Every structure is written in C-alpha cells, then in structure tokens.
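Since the structure comes first, as structure tokens, the remarks are kept for the end.
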Amino acid sequence: MSATHVRAQVAPFAAVPVLGVAAAVAAVLTALSGRYGFHRDELYFLVAGDHPAWGYVDQPPLTPLAARLSTAVFGDRPAGLRVVATLACAVTVVTVAAVARELGGGRAAQVLAAACTAVSGFVLAVGHLVSTATFDMLAWVVVCWLLLRLLRTDDRRLWLALGAALGFGMQNKYLIALLALSLLVALLATGPRQVLRGWWPLAGAAVALAVALPGLWWQAAHGWPQLTVAGGISADDGAENRVLFVPQQIVFLSPVFVPVWIAGGLRLWRDPALRWARAFVPAYLLLAVVVVVSGGKPYYCLPLLLVLLAAGCVTSVSRPRAMWPAVALTAVISALISLPVLPPGVVGAVNGVNKEQGEQIGWPQLADAVAEAWSDVPAADRPRAVVFAQNYGEAGALAHYGPARGLPAPYSAHMSFADWGPPPDSATGPVLLVRQEDSDDVERRFTGCRRVGRVDNGRDVDNEEQHAAIVLCTGPNEPWSQLWPALRHYYQAGTTRENEGAGPGEPGYGGSTR
C-alpha cells in the first residue's frame, strides 16, 4: 500500500452536526444583524457598490459588489446587507471542520473544530459585519483546505481549484498573496516538494492570474494605490501592531483555545503520519514574521491559526469535559465583545476591546445634525453650496441617510470618494463641513469658517464621530478642481495630504475591519 493511498483514508464528513453548528451561528448572526446600525465601512461599501469598478484605491471590487448584491436582494438595511457576511461566516465554519477531517479528525473532532470556529471572537466579529476581512477569512481557509486535500491525496487536478480560490481571494484583498508565498516557501523548505513539480502548479497559477487579472490591471493603471494602503498601515499603526501582535494572537480566537492551536501546531510538526502537512507550521511562523516586520494587522495570521486549531481539535476531542465548557464560556464572552447583544447605551463597556461595536452607532444622528445646519443655509445660496465630509464614514452616512432629510449628495476627498469627483467649480457658495472633533486643519482650505453644530449620537458612545464638528464656511479658498489634490487623503481619516504621512489603510480588530 503506497504512502499516498494511506493518506487518502479519512473519516466520513460529519455533515449533519457540522451543518447544524453552521446553521446555529447563522441564526444568531441573522437575529442580531439589525441591531445598532450600519458600520462606517459598510456605509462606504454601499456607495462604492453604486460606483462599480474593477478596483478602488483601498480594495479590489468584491466586497462592494457583494454589498450591492445583498442589499438589492435582501433590502437596503443592515439586516439585508449582512446576509452575505452571515453566509460567509457559516461557510468558514464548515470549511474549518473539513480541514479537521483532512488532518485525521473523526466526527467528534470535526464538530469540535466547527464549534470552536463558530464561537471565536474575531470570526463572529467579521461574520456580523460586511468587511473585506469577512471574505478574506473565507478565501484563506478554503485555500488551506484545498492545499491540504491536494497534499493528502496527491491529486494534482486540485491545483486548478486552488488557483481559482486564490484568484477569488485576490478580487477581495491582495493580502492573500502573502498566504500563497508563505505556503510556497514552507513547502520548499519542508516538503512534500513533489506536488510542486510538473505543469499542474503552473496551470493553477495561470487560473489564479486569470481570475485576479482585471483587478490587477486596474491597480497597475492607477499607479498601484494599494501599495499606499500598505504603507499607510505600517507608518501610522505599525508600532502599535507590533506591540499587540502576540496579545492579539491570544485573543483573536479565545485565550482558552491557545493550548488547542499550540497542540495542533506541535501535532502537525511531530506526527510522522502528518509529515505531509507540516508545512503549515513554518508557514504560520513565516507569515507572522512578515506581518510583524511590515507592521501589518495581527489578524492577518488568523486563518492559519484556524488550521492549527483544527489540528489541535483532533487530539483535544478526547477531553470533552474540558473542551465543551471552554467552548460555552468562549461563546458568552465572544458574543458580548463581538456582537450587538448589549443595549446601545452600555456599548462603552466593550468598545475598548472591539471599537467596531461603537462604529455602528450614531450615523442617523450625524445626518440629523448636518440637516439641521443645512436648514440654516439661505435657500438662495444652496444651488452653489456643498456638503463636504472629512472621511468616508461621514460621507457614506450622509449619502445613505441624507436624501430623506433634504440634504444634497455629499462630497469627500477621503479614499475612493475622491475619485468620484470634486464639486463643480461653480459651487463657490457656502461649504457645510463635517469633521472629527480634533481635526480642524482642513478648515484652512476654506474661508470664513465657524462652528454651527456638533454631533451627539444620543448614547454617549465614544466612537470616532461622537462630538464631530459641523462647520459652516463661506466657500473654498480656490476652485474645487485646484483644491481637490490637496484635500485628497487616504489612510488617516482626519488629515490632508500634507500631514497625513503615508496614505490609505485598512483598519483591524480593535480598529476597523477593512
């Protein structure tokens, strides 16, 4: 009997209980999807979805497209938007169970892997919200599962499916290229290297390139703005990300699951029967080094942690009296931190751990405050007046909630809003400026500015827009077409080009999830 044939023997997939776990988490996410309100990133995705393109300065097209599709089918409200996130989370749970199966897990181990994934804090957080991280997590675990299956069975045809999954992931976030690179280097270092021989890997790479090519073409044609995204993350958040890397590796899934994924890593590295899968251990370590050195978000390593967690569940299932209470405890803690289960008025209790909770509160109130200030603009001046939002969250909220309040379409020079155009040069009249409380530097671009209002989310939640200033200026100090390049900014929401540092970025757990 060949080694390949021995590897091919796995337990049946525990479809009924695993799908039951996925259905349970989907039901919880669905029940809570309408609480609080849209997240700032979601409001941005809704507007981006109305400007379809093969790319944006801060992301490929998949997430805005998914947002547009979900709201078109299920309704233009948080619950309708988040259907796609719920489905992605459920499929992630099932895929991690399939990973456990590939690594020798029977029915009990598969169910445990599904349950541990379903109650993990970060998984629930990105499953609740529509974000690039939501679909990135799914794409990564699917790539890992396909590679494990390829390594176990030596079925080279899987390279084509692997390439398709990789290309799909790159239409959502180019970060998945780091996963491919880490796994490739680890396979070259530890084997089995024979799976890299022949034309099948090249065919898989060609499929990945073909699927990802439209987005890559857009990036190349626009000067690779996503490189500015990465530079912005490193320059602005790099030091903090490096300090928090180890603590966040502990809390992402759950502190009580740390022994499980450590045991999983040791099992993959030491077990002779799993020698074919050991590359996932150095791949995680290599990815961790790259993320720390580059100052990237610590959650970038999460999908490989899920693989190690699945490996650890195969041995941990022999201790049900310890594991299942740990799963239950994690479910309670993760729900409080990651899901909108608390009354909005007490969100501050968990906002320090997961600030995405607070970023779902207060957007209608912001639109109300802007509408009140707009009503003070003389009717004769309104045809040449502009509502200008400092960041994409404010602009997205005004685009969504503003029409019902009689507001004109907002403008912003933040992220891809800048690409959707400046106001016409004929708009020489009043500028109603919305800016964060401590970001008054933008006012020097306008004349006669005075504060006329302040945002109050009504819950005293300490989020980025609480107490944001509403400022009425007499006009821009030069034509909008000339002013726009100086106003344009990327990563930091509260600065203009001269003092922002690096440019666009994507936030993470404890920041934003894009």
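The structure presented is a predicted model; accordingly, all values stated were derived computationally and were not measured.
- The side-chain contact (heavy atoms from CB on, under 4.5 Å) test with Ser70 singles out one residue from Leu65, Leu46, Val84, Val130, and that residue is Val84.
- If you check the side chains of Asn241 and Tyr300, you find no donor sitting under 3.5 Å from an acceptor.
- Looking at heavy atoms from C-beta onward, Gln219 lies in side-chain contact with Tyr174 at the 4.5 angstrom threshold.
- For the residue pair Asp41 and Tyr392, a side-chain donor N or O sits within less than 3.5 Å of a side-chain acceptor on the partner.
- Between Trp54 and Trp217, every side-chain heavy-atom pair lies at or beyond the 4.5 Å cut-off.
- Nearest approach of Val96 to Val141, heavy atoms of both residues: CG2-CG1, 4.3 Å.
- Partner of Asn391 under the side chain to side chain donor-acceptor pair (under 3.5 Å) criterion, out of His489, Glu464, Arg40: Arg40 alone.
- Ala164 and Val207 make their closest contact through N-CG1, 3.5 Å (heavy atoms, listed as atom of the first residue, atom of the second, distance).
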Assess the residue pair Thr63 and Asn172 against the criterion (side-chain hydrogen bond (donor to acceptor under 3.5 Å, both in side chains)); give the C-alpha distance rounded to whole Å, side-chain angles, the decisive distance to 0.1 Å, and a yes or no. CA-CA 6 Å; Thr63 299; Asn172 175 68; 2.6 Å; yes

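- For the residue pair Thr92 / Thr95, no side-chain donor-acceptor distance below 3.5 Å is found, with atom types taken as modelled.
- With contacts defined as side-chain heavy-atom distances shorter than 4.5 Å, the pair Leu342/Tyr36 qualifies.
- Shown here for Pro12 and Arg101, the closest heavy-atom pair between the two residues is C-NE, 3.7 Å.
- Between Pro303 and Leu179, every side-chain heavy-atom pair lies at or beyond the 4.5 Å cut-off.
- Note on ring orientation: taking the six-membered ring where Trp is involved, the planes of His51 and Trp420 are parallel (angle under 30°, cut-offs 30° and 60°).
- Between Gln249 atom CD and Cys301 atom SG the span is 5.0 Å, to the nearest 0.5 Å.
- Two residues are said to be in side-chain contact when any heavy atoms from C-beta on lie closer than 4.5 Å; Tyr44 and Met415 meet this criterion.
- Taking the side chain as every heavy atom from C-beta outward, Trp140 and Leu302 never approach each other to under 4.5 Å.
- Here the side chains of Trp200 and Leu160 are in contact, with some heavy-atom distance below 4.5 Å.
- Here the side chains of Trp276 and Asp154 are not in contact, with every heavy-atom distance at 4.5 Å or above.
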